[in-house]
Q: 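Take this structure first; my questions come after.
All chains are named by letter (A, B, ...) in the order of the sequence lines, taking the proteins before the strands, and each is independently numbered beginning at 1.
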2 protein chains.
Amino acid sequence: MKNRILVVEDELHIAQALIFNLEQEGYSVHHTETGEEALALLESGEFDLVVLDLMLPGISGFDVCQKIRERWERLPVLILTAKGEPQDKVAGLAMGADDYLTKPFSLDEFLIRIAGILKRSGWYRPDLGPEITFGGNLVNLGNGKAKSIHGDLDLTEQELKLFQVFVEHHDEVIERGPLLQRAWGVDPGTETRTLDNFVARLRKYFEPNPSEPRHFQTIRGKGYCFRLNPDKTFE
Amino acid sequence: MKNRILVVEDELHIAQALIFNLEQEGYSVHHTETGEEALALLESGEFDLVVLDLMLPGISGFDVCQKIRERWERLPVLILTAKGEPQDKVAGLAMGADDYLTKPFSLDEFLIRIAGILKRSGWYRPDLGPEITFGGNLVNLGNGKAKSIHGDLDLTEQELKLFQVFVEHHDEVIERGPLLQRAWGVDPGTETRTLDNFVARLRKYFEPNPSEPRHFQTIRGKGYCFRLNPDKTFE
DNA sequence: ACAGGTTTTACAAAAGTTTGACAAAGATGA
DNA sequence: TCATCTTTGTCAAACTTTTGTAAAACCTGT
């Protein structure tokens, strides 16, 4: 799942640049112009990192940082500022910021520092990989651990690979060829029953009634279709 | 327990200043002038942080950093350098340095960044105290003395190293490659049964029933996973 | 040469994947 | 609707790959 970043910055042209680049990197980015808004948004507890400008209208960046530290000890904070005096830097870091960049800074450095912070912060949240839920099942797409409606289980490597392909293209028909290609890396024309066997196995794992598949549907003459939510009729 | 810092710096007057100040802060400090010495010293696995100058005689700081990352994924590294070009900075951070300071820098900033890194690195390794308990066993991670459910024993050097890697990454899957790399320092592609033998031995030591491992689980096709508390379901 | 520890070798066992035969279900056209 | 053709489901046997195990070989320092 994408890391969510909150950018607190009142200079709009800077904010835009940051947001654009962060999104480019695949992060989910939110933005506020004031510390008050930021703190309110953070209450949702849905952020992985805060990029915080020190010069803000209203409540100062320092105070915001301090409040963040009081409330969420380990939420990573990266401070941005125009002030370059060591004094400020030390003060910023001393109040618990994880990193500190002074404007102007290189965008590359900015991005890479963020990546580093997130990588390390991920270490103390053990195996929180991307995961997906459907019809009462939960599958960790990273390590293949799953809680199905029938019980816990571990997907094998190949099962996981196939499942990932299904998830990636959920709710669209995938023909046998491309499926073979993506999940097995073999020639799309390959003639085999392996695919069917694996689909059967996924059904056994995750379908309430495997003989009447709701999520792993077969489209005769075409291929298969993985439906996240079979009940929802869609546009 | 004092945090142990390794300073790798060939300019003696700088090194002295760093050492003096770090010791003043209560750290236990070691010093080498070359990368080779540093890597050798690190083998003991007894450091919490490395302060690394990029300009070294012999093997370069970059290479040292890279080697450190291969062998000890999470050992914090703070890079010092005279080069100030963003290029270098990005390169240094990209190779996994935790932080990067360009000379001249404020001693205050240096110390505070170190404090921050160490504080956070403590978070990544929450269970890495001097000793660890799991499923009725107790192992001293420093000297390898253990009280297992079957009796007292001493882990050999290699057994201990492997065990340390397992503990450091408990509850996550570690593939054979990285395992070989971190515990033995050999090429990740190495083909050997040694690893399996050692896992078998750890199982014999610590598992109630070695043929049905609860703590040292094998993840077929991937590697092994050391579970501190096997009963706890994930997430 | 010996002892403790580590690595290699060789083989057994286990886990995972593919194949092939055949049954079942859907389509097609008279 | 029936006969026929095609595609998909199922299952067990065959096969492949990975891991477990134990003994022998190998170091290294005493």
Side-chain angles (χ1 to χ4, degrees), chain A residues 143-144 146 153-163 165-166 173-177 179-207 209-226, chain B residues 43 143-146 153-166 173-207 209-226:
Chain A
N143 56 27
L153 61 95
D154 282 276
L155 296 185
T156 69
E157 228 178 329
Q158 195 55 46
E159 289 166 350
L160 181 58
K161 210 174 249 170
L162 173 61
F163 185 72
V165 175
F166 273 134
V173 179
I174 324 175
E175 300 179 34
R176 292 181 75 89
L179 217 37
L180 265 320
Q181 172 104 49
R182 285 178 218 278
W184 276 268
V186 302
D187 186 274
T190 311
E191 167 71 48
T192 176
R193 300 250 61 62
T194 300
L195 173 51
D196 310 71
N197 278 316
F198 274 85
V199 172
R201 208 157 342 137
L202 290 181
R203 282 171 178 159
K204 196 176 309 167
Y205 294 159
F206 300 120
E207 293 281 3
N209 172 12
S211 54
E212 239 184 72
R214 293 158 45 72
H215 297 100
F216 299 91
Q217 300 185 339
T218 132
I219 313 298
R220 192 188 163 80
K222 279 289 196 296
Y224 294 95
C225 173
F226 172 63
Chain B
E43 278 301 327
N143 58 23
K145 286 192 181 300
L153 62 97
D154 279 278
L155 295 185
T156 68
E157 199 179 331
Q158 195 54 44
E159 288 166 349
L160 181 57
K161 216 170 238 171
L162 173 61
F163 185 72
Q164 286 169 338
V165 176
F166 272 134
V173 179
I174 323 176
E175 300 179 31
R176 289 183 79 89
L179 217 36
L180 265 319
Q181 174 111 51
R182 305 229 164 78
W184 275 269
V186 302
D187 185 275
T190 310
E191 166 76 46
T192 176
R193 300 249 64 63
T194 300
L195 172 51
D196 309 70
N197 278 313
F198 274 84
V199 172
R201 205 151 351 129
L202 290 180
R203 281 172 178 159
K204 199 174 305 169
Y205 295 159
F206 300 120
E207 292 280 4
N209 172 13
S211 54
E212 241 186 69
R214 293 159 43 73
H215 297 99
F216 298 91
Q217 299 186 339
T218 132
I219 312 298
R220 188 178 210 272
K222 276 291 195 309
Y224 294 94
C225 173
F226 172 64

Q: Which whole-number value in Å describes the distance from Asp196(A) CG to dA23(C) P?
A: 17 Å

Q: Can you work out whether Gln158(A) or Phe198(B) has the more 5'-proximal nearest nucleotide on DNA chain C?
A: Phe198(B)

Q: Can we call the ring centroids of Phe226(B) and Phe163(B) under 6.0 Å apart?
A: yes

Q: Rounded to whole angstroms, how far apart are CZ on Arg193(B) and C1' on dA10(C)?
A: 11 Å

Q: Can you list every side-chain hydrogen bond (donor to acceptor under 3.5 Å, both in side chains) pair that touches residues 190-200 of chain A, not counting sequence neighbours?
A: Arg176(A)-Asp196(A), Thr192(A)-Thr194(A), Arg193(A)-Asp196(A), Asp196(A)-Tyr224(A)

Q: Which of these, Leu202(B), Leu155(B), Leu180(B), sits in a side-chain contact (heavy atoms from CB on, under 4.5 Å) with Leu162(B)?
A: Leu202(B)

Q: Nucleotide range of DNA chain D contacted by chain B, 5' to 3', under 4.0 Å to a heavy atom?
A: dT17(D) to dA22(D)

Q: Examine dT17(C): is either OP1 or OP2 under 4.0 Å from a nitrogen or oxygen in the side chain of Trp184(A)? Give yes or no.
A: no

Q: When rounded to the nearest 0.5 angstrom, what is the spacing between CG in Leu153(B) and NZ in Lys145(B)?
A: 10.0 Å

Q: Rounding to an integer number of Å, can you tell me how far Glu157(A) CD sits from dG16(C) C1'?
A: 10 Å

Q: What are the two closest heavy atoms between Glu175(B) and Pro178(B), and how far apart are they?
A: O-CD, 3.3 Å

Q: With the side chain counted from C-beta on, respond yes when Gln158(B) and Phe198(B) share a heavy-atom pair under 4.5 Å apart, and no when they do not.
A: yes

Q: In this structure, how many angstroms lie between the P atom of dT8(C) and the CG atom of Leu195(B), rounded?
A: 12 Å

Q: On DNA chain C, does the nearest nucleotide to Asp154(B) precede the nearest nucleotide to Thr192(B) from the 5' side, or the other way round? Give the residue.
A: Asp154(B)

Q: Determine whether more than 12 heavy atoms belonging to other residues, nucleotides or ligands lie under 6.0 Å from atom CD of Glu157(B).
A: no

Q: Thr156(A) side chain N/O closer than 4.0 Å to the phosphate oxygens (OP1, OP2) of dA15(C)?
A: no

Q: Between dG5(C) atom P and Lys204(B) atom NZ, what is the distance in whole Å?
A: 14 Å

Q: If an axis is fit to five pairs at each end of the helix from dA1(C)-dT30(D) to dA30(C)-dT1(D), what is the angle between the two, to the nearest 10°?
A: 30°

Q: Please find the pair of heavy atoms, one from Val173(A) and one from Cys225(A), that lie closest to each other, and give the distance.
A: CA-CB, 4.2 Å

Q: Tell me what Thr194(B) touches on the nucleic acid: a base, only sugar-phosphate, or nothing, going by heavy atoms under 4.0 Å.
A: base

Q: Could you state the CG-C1' distance from Leu202(B) to dT6(C), rounded to the nearest angstrom?
A: 14 Å

Q: Of all the choices, dA15(C), dT8(C), dA25(C), which nucleotide is nearest to the side chain of Arg220(B) once you look at every atom?
A: dA15(C)

Q: Nearest whole angstrom, please: distance from the C1' of dG26(C) to the CD of Glu212(A).
A: 16 Å

Q: Does Thr218(B) reach the side chain of Arg203(B), with side-chain heavy atoms less than 4.5 Å apart?
A: yes

Q: Without decimals, in angstroms, what is the distance between Lys222(B) NZ and dG16(C) P?
A: 12 Å

